[in-house]
Amino acid sequence: MADALIANFTKRFSGGAVIRGELRQPACGNSVTVLFGPSGCGKTTVLRCLAGLERPEEGAIQFGTETWFDARQGICLVPQERGVGLVFQEYALFPHLTVAGNIGYGLRGDSAAERERRVREMLERFDLADVTQQHPRQLSGGQQQRVALARSLVCRPRLLLLDEPLSALDIALREELRGQLRRLLAACDIPVLLVTHDRAEALALGDELVVMSDGAMRQSGPVLDVFNRPADAGVAKIVGMETLQPGSLVSESEGLAIVRVGSVTLTAVSPAIASREVFVCIRGEDVMLQRDGGAGSSVRNRLSARVVAVQPGSPLTRVELDAGFPLFALITRPACEELELCAGVTVTALIKAPAVHLIPRR
């Protein structure tokens, strides 16, 4: 694919850490690829290697028909030659410059008239016209984020790199700005690579997801596919699969599988695996709770369960259950109140067969 970012490189650190980057992403049009994983797994290092701020020891980075890095040929373009926009975790705005000064900083080689025109365009696009002459310390967290994005985009980069773009904000503001950031990225019409360890952020902002762990890329694909169907137990833990329990395949027939987990059996879609020993993965959002025994429901898996604990959260409440095995449900606060859930209450847990994901147990 000529119009693609193709990266396959290795970055080694003196302390012994090794980061391996393997990426394939469209190099044109709007798409958001999320690098997802726990802190310290190498996500930011991959971003810095793509930007030209770090030099790998092995491999190559190709953007379309251009070679940005090739260890064998000794090629390593500097950041300015790559045409990349980079927004740092803390935004790195210049405190002594106004909003307009920050946005126009990278346009110093342009004429005054062109610089003014492009800065004005960014001010309008990012709804910053009313704070043009203010300094970063006078801005809200959301305004600072928009200034950082505008500064990166005013130079018309071919690739935008975002390092934990919402982590500097408090939780309430972070939730408010996710949708706004998604709309801004969609309007940019350039490929975006975004680093985060926040599941809600990845789901809200990403089209594609690349899961990283211990310096390596473990699984990639459409965001919902990876979150709902992790390739192995390690990825399941990283993406926050609420229920992950060992089980054994009992039988398979007509595309469905019977699997034993704990003291009960579940019906799942037959997995395309040879192993009979499996892990049973169930997302908390896919567990429905009722107090009437699940009457009238066609859901194949109906389990009598005892509530072990109720943990309020935002936006969903986490309910820990004993259903013959440890099972977790995520439900809304009104649903929790309506069901009058508390420790010791007996409920029926309903789980559709496609929501029971089976992966080989190694």
Side-chain angles (χ1 to χ4, degrees), residues 30 32 34-35 39 43-45 47-48 50-54 78-198 200-201 204-205:
N30 172 255
V32 180
V34 174
L35 281 181
S39 298
K43 304 184 300 295
T44 295
T45 296
L47 220 62
R48 291 177 62 84
L50 294 174
L53 299 175
E54 298 276 1
V78 299
Q80 296 87 339
E81 296 175 310
R82 302 188 186 200
V84 168
L86 178 61
V87 177
F88 295 97
Q89 188 171 338
E90 299 294 335
Y91 307 143
L93 299 177
F94 300 112
H96 63 290
L97 296 181
T98 63
V99 167
N102 267 282
I103 294 174
Y105 182 80
L107 300 174
R108 287 171 295 174
D110 293 359
S111 68
E114 175 64 8
R115 186 170 182 267
E116 182 180 350
R117 185 189 69 79
R118 288 171 65 178
V119 168
R120 186 169 62 250
E121 179 185 309
M122 289 293 113
L123 288 168
E124 292 172 359
R125 179 190 294 188
F126 288 94
D127 195 23
L128 294 166
D130 293 339
V131 294
T132 303
Q133 297 306 313
Q134 293 188 15
H135 289 78
R137 66 179 179 276
Q138 299 172 286
L139 305 177
S140 68
Q143 289 171 325
Q144 289 181 29
Q145 181 200 70
R146 298 204 301 274
V147 173
L149 278 170
R151 183 178 64 181
S152 292
L153 293 171
V154 74
C155 296
R156 296 171 181 162
R158 294 176 295 168
L159 175 68
L160 179 62
L161 306 175
L162 304 179
D163 188 7
E164 301 275 7
L166 299 175
S167 65
L169 309 175
D170 62 59
I171 293 175
L173 186 57
R174 199 180 308 164
E175 292 179 359
E176 177 186 334
L177 291 181
R178 280 187 198 125
Q180 184 183 106
L181 179 57
R182 176 67 194 187
R183 290 190 295 273
L184 290 172
L185 295 180
C188 293
D189 198 34
I190 60 172
V192 177
L193 196 66
L194 182 151
V195 160
T196 186
H197 63 272
D198 184 281
E201 198 169 305
L205 300 176

Heavy atoms only: give me the nearest [X]-[Y] pair and the separation to one decimal.
| X | Y | answer |
| --- | --- | --- |
| Tyr91 | Pro165 | OH-O, 3.0 Å |
| Val154 | Arg118 | O-NH2, 2.6 Å |
| Pro191 | Leu159 | O-CD1, 3.5 Å |
| Ala186 | Asn30 | CA-ND2, 3.6 Å |
| Lys43 | Leu35 | CD-O, 3.3 Å |
| Val195 | Thr44 | CG1-OG1, 4.3 Å |

For Gln144, give me all partners under side-chain hydrogen bond (donor to acceptor under 3.5 Å, both in side chains), at least two apart in sequence or on another chain.
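Partners of Gln144 by the side-chain hydrogen bond (donor to acceptor under 3.5 Å, both in side chains) criterion come out as none, since no residue qualifies.
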Suppose we screen for side-chain hydrogen bond (donor to acceptor under 3.5 Å, both in side chains). Which residues come up paired with Arg120, at least two apart in sequence or across chains?
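Once residues adjacent in sequence are excluded, Arg120 has no partner under the side-chain hydrogen bond (donor to acceptor under 3.5 Å, both in side chains) criterion.
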Salt-bridge criterion met for Arg117 and Glu114 (N-O under 4.0 Å)
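Answer for the salt bridge query: yes.
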Does the side chain of [Y] come within less than 4.5 Å of [X]'s, by heavy atoms?
| X | Y | value |
| --- | --- | --- |
| Thr132 | Val119 | no |
| Leu205 | Leu162 | no |
| Val87 | Leu149 | yes |
| Asp163 | Arg48 | no |
| Arg151 | Leu97 | no |
| Pro79 | Leu53 | yes |

Go through Leu47 and Leu86 one step at a time and tell me if the side-chain contact (heavy atoms from CB on, under 4.5 Å) criterion holds.
CA-CA 9 Å; Leu47 220 62; Leu86 178 61; 4.3 Å; yes
Spatial distance of atom [atom1] ([X]) from atom [atom2] ([Y]) [nearest 0.5 Å]:
| X | Y | atom1 | atom2 | answer |
| --- | --- | --- | --- | --- |
| Leu139 | Asn102 | CG | CG | 9.0 Å |
| Ser152 | Ile103 | OG | CD1 | 10.5 Å |
| Gln133 | Gln138 | CD | CD | 10.5 Å |
| Leu50 | Arg82 | CG | CZ | 7.5 Å |
| Leu160 | Arg158 | CG | CZ | 13.5 Å |

Is the NE2 atom of His135 crowded by more than 12 outside heavy atoms at less than 6.0 Å?
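Enclosed: over 12 neighbouring heavy atoms sit under 6.0 Å from NE2 of His135.
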Does Phe126 form a side-chain contact (heavy atoms from CB on, under 4.5 Å) with Leu153? I'd like the steps, not just the answer.
CA-CA 11 Å; Phe126 288 94; Leu153 293 171; 3.5 Å; yes
Using side-chain contact (heavy atoms from CB on, under 4.5 Å), reason through Gln143 and Val99 one step at a time and then give a plain yes or no.
CA-CA 10 Å; Gln143 289 171 325; Val99 167; over 6 Å; no
Walk me through it: do Val147 and Val131 pass the test side-chain contact (heavy atoms from CB on, under 4.5 Å)?
CA-CA 10 Å; Val147 173; Val131 294; 5.8 Å; no
